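Everything on this sheet refers to the single structure shown next.
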Amino acid sequence: MALKVFNSLTKRKEEFRPRDPEQVKMYVCGVTPYNHPHIGNARPFVTWDVIRRYLEHRGYTVFHVQNFTDVDDKIINAAKTEGVSWDVIVSRYIESYFEVMDKLNIRRAHLYPRVSDHMAEIVEMVETLVRKGFAYEVGGDVYYSVEKFDDYGKLSGRSLEDMKAGARVDVDERKTHPMDFALWKSAKPGEPAWDSPWGKGRPGWHIECSAMSLKYLGMEFDFHGGGSDLIFPHHENEIAQSEAYAGDSPFVRYWLHNGFITVNEEKMSKSLGNFFLVRDILEHFPPEVLRFFILSTHYRSPLDFSDERLSESARGLERLKTAVLNMKYLANSTVARGASEESQVLANAANQAKTEFYGAMDDDFNTALAISVMHGLAKEINIYYSAIMAGKIPHDAETLATVQAVYYELADILGLLVAERTGTLDVCGGAAGTDDQTIAGLLDLILAIRQDARKKKDWATADQIRDRLAEIGYVIEDSPQGARWKKR
RNA sequence: GGCGGCAUAGCCAAGAGGUAAGGCAGAGGUCUGCAAAACCUUUACUCCCCAGUUCGAAUCUGGGUGCCGCCUCCA
């Protein structure tokens with residue numbers, strides 16, 4: 001089956017064909033490091049992380065570049081406010097970015113180019129645009145002349161006429177056309193500045209992404225993405241600059257844009273001040289819950305954020321975890337082995353789930369559907385588990401191993417259930433490390449003592465053990481096959 | 001004002017011509033000493049409204065209504 005992606009440029013789903021079958025090249029618009037990441041930042045990076053994981057599972061080699069816009073008004077302002085140098089702000093928030101994204105299990109890009117390291121490339125690009133007649137200098141500033149680029153507006157679907165009519169911006173009289181945008185800005189006193197043919201200054205917004213993506217990926221790279229607010233003007237301008245510069249088209253093969261996170265149905269934005277920092281959310285919820293929450297809606301749809309929704313996500317994720325723990329418990333249990341009709345049913349369900357999961361992901365990365373497929377498989381696993389625990393059927397270890405491999409593969413594509421898949425101390429029988437084995441041994445001992453109490457119908461003791469263990473994070477579950485403990 | 005998107009159960013959310021997935025919450029049940037977890041049953045004669053196309057529409061077309069986003073820094 002073919003992978004289809006929704007291309008913002010054509011506004012339709014297209015079959016994905018990488019330019020180079022050997023390597024998929026993607027450029028994701030990164031952050032401007034002037035504050036800690038908020039949950040709106042988390043969405044595109046979780047989304048692109050899954051896109052990349054899926055492409056890799058499909059057999060592609062992916063080259064992933066994501067920039068840091070480290071030269072920017074907001075950074076300069078933050079530096080002024082705090083009375084520190086701009087690069088202090090930058091390094092602090094880049095560090096924070098990685099800290100948060102690592103917690104969300106977002107794999108690192110192969111390259112994180114920064115604007116401040118690419119002044120030569122940027123200046124060269126601006127010079128070329130001036131030389132080619134696409135840009136002009138006015139008193140140390142350089143502007144891109146949108147009228148010179150015939151295709152201007154092709155990504156955002158607007159014409160220069162439309163924009164003139166609806167202009168809400170104060171027009172700079174020095175510009176030839178109101179929509180002309182700065183490629184280079186002359187330095188103001190006290191601001192970071194770099195040398196250029198037009199005097200000291202710094203790049204305008206937009207040009208850095210063109211310069212850096214072209215440097216590392218070349219023209220016509222496969223994916224370029226970010227939040228849908230970047231479509232205009234940022235990405236529109238990138239196209240104008242890059243295609244004019246290269247004298248070639250297209251700049252990018254597939255443009256993908258994620259929808260926004262809203263709060264109370266309203267866009268979360270810096271100007272509204274209604275945004276939540278990821279680090280604050282993570283005080284109340286595990287990072288994986290936030291990740292699951294983001295993935296439970298298709299990436300292009302808006303996503304409304306609230307504590308209630310996050311709590312719901314936590315319970316939905318719990319169900320997925322339980323299936324893993326059930327499999328791990330069975331794998332280490334001593335119940336009778338043997339194939340059964342039920343194990344065949346499970347094996348078929350796993351095969352089908354895998355097909356459906358890939359089908360969902362092939363359809364423009366439909367993670368919401370993919371998750372529901374996992375829920376379906378989890379249910380089959382639990383049914384199988386229950387039948388064994390009830391002593392109705394033997395345990396087919398070989399089949400279970402296959403099913404587990406499928407389940408783990410799907411979870412890995414979504415970047416979920418990491419602790420459950422790799423942990424050794426989350427359900428009895430599974431401990432591997434020395435310390436874990438000791439703890440597991442102690443837990444088994446406590447459980448044995450509780451079983452004795454239960455035999456004597458000493459419910460007070462039995463319940464006390466159960467309650468106290470729950471307090472330190474271990475849940476006890478009884479079954480006809482005996483009791484088991486599991487983490488959390 | 002210009003451009004674009006969305007409206008599916010109590011909540012969240014897939015589905016995009018063939019007769020409504022999944023999750024959460026609720027109700028009942030199985031299991032249990034009681035629980036927990038799991039499982040079973042149950043919750044949209046119907047997909048914002050009105051027309052139209054079609055043998056057939058939540059899905060396509062036209063017209064309404066409501067909400068949201070972009071056009072200004074923003075993921």
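For the numbers below, each heavy atom of this structure counts, side chains included, while hydrogens, waters and symmetry mates do not. A quick note: this is a predicted structure, and the numbers were derived from the prediction, not measured. Chain A is the first sequence line, chain B the second, and so forth, proteins listed ahead of strands; every chain is numbered from 1.
For the OP1/OP2 pair of A38(B) and a distance below 4.0 Å, the side-chain nitrogens and oxygens of R484(A) include no atom meeting the criterion. For the OP1/OP2 pair of C34(B) and a distance below 4.0 Å, the side-chain nitrogens and oxygens of R454(A) include no atom meeting the criterion. Phosphate contact (OP1/OP2 of A38(B), side-chain N/O of K379(A), threshold under 4.0 Å): absent. In this structure, N41(A) does not reach the C74(B) phosphate: none of its side-chain N or O atoms is under 4.0 Å from OP1 or OP2. OP1 or OP2 of A25(B) sits under 4.0 Å from a side-chain N or O of R315(A). Residue W485(A) places no side-chain N or O under 4.0 Å from the OP1 or OP2 atom of A36(B). Dashed line: the shortest gap from a side-chain N or O of N382(A) to OP1 or OP2 of C39(B) is under 4.0 Å.
Comparing the same atom, C1', in C31(B) and in C40(B) gives a spacing of 11 Å after rounding to whole Å. Annotation: U32(B) and G18(B) have their P atoms spaced 46 Å apart (nearest Å). The same atom, C1', is picked in G69(B) and in C73(B); the two are 16 Å apart, to the nearest Å. Between G4(B) and G26(B), the two P atoms lie 44 Å apart (nearest whole Å). Only the C1' atoms considered, G10(B) is 12 Å distant from A44(B), to the nearest whole Å. Taking the P atom of each, U8(B) and C47(B) are spaced 11 Å apart, rounded to whole Å. Rounded to the nearest Å, the gap between the C1' atom of U43(B) and that of A20(B) is 14 Å. For C68(B) and A9(B), the C1' atoms lie 22 Å apart once the distance is rounded to whole Å.
Once the 5.5 Å centre distance and the 30° plane angle are applied, the aromatic ring of W459(A) is found stacked with the base of G33(B).
Within 4.0 Å of K457(A), counting heavy atoms only, lies no atom of the nucleic acid at all. No contact: I371(A) has no heavy atom under 4.0 Å from any strand. Within 4.0 Å (heavy atoms only), H38(A) reaches at least one base atom of the nucleic acid. Contacts of R450(A) with the nucleic acid, taken as non-hydrogen atoms under 4.0 Å apart, include base atoms. Note on I476(A): a base of the nucleic acid sits closer than 4.0 angstrom, heavy atoms only. When heavy atoms are screened at a 4.0 angstrom cut-off, G40(A) is found touching base atoms of the nucleic acid.
Using a 4.0 Å cut-off between charged nitrogen and carboxylate oxygen, E82(A) and R92(A) count as a salt-bridge pair.
When ring centroids are compared, F305(A) and F276(A) come within the 6.0 Å threshold. The ring of F221(A) has its center closer than 6.0 angstrom to the ring center of H224(A).
The distance between atom CD of E308(A) and atom C1' of C12(B), rounded to the nearest whole Å, is 12 Å. To the nearest angstrom, P of A16(B) lies 7 Å from NZ of K13(A). Atom CE of M389(A) and atom P of C39(B) are 15 Å apart (whole Å). In this structure, the CG atom of N366(A) is 16 Å from the P atom of G23(B), given to the nearest Å.
By the 30° and 60° cut-offs, the orientation of the rings of H234(A) relative to H206(A) is tilted.
Contact detail for V345(A) and E380(A): the closest heavy-atom pair is CG1-OE1, 4.2 Å. In terms of heavy atoms, V71(A) sits closest to I75(A) at N-CD1, 4.1 Å.
Counting only Watson-Crick and G-U wobble pairs whose two key distances fall under 3.5 Å, RNA chain B forms stems of three or more stacked pairs at B:1-7 with B:65-71, B:10-12 with B:22-24, B:26-30 with B:38-42, B:48-52 with B:60-64.
Other residues, nucleotides and ligands contribute at most 12 non-hydrogen atoms within 6.0 Å of the NZ atom of K456(A).
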Worksheet entry | Test side chain to side chain contact (heavy atoms under 4.5 Å, CB included) applied to K487(A) and L325(A), step by step | CA-CA 9 Å; K487(A) 207 166 181 181; L325(A) 298 186; over 6 Å; no

Practice prompt. Determine, stepwise, if the pair R468(A) / Q464(A) fulfils side chain to side chain contact (heavy atoms under 4.5 Å, CB included).
Written response: CA-CA 6 Å; R468(A) 293 291 294 276; Q464(A) 191 196 2; 3.9 Å; yes

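Applying the 3.5 Å distance criterion, the base of A35(B) shares a donor-acceptor pair with the side chain of R466(A). Not a single donor-acceptor pair, N or O on each side, falls under 3.5 Å between the base of G69(B) and the side chain of D229(A).
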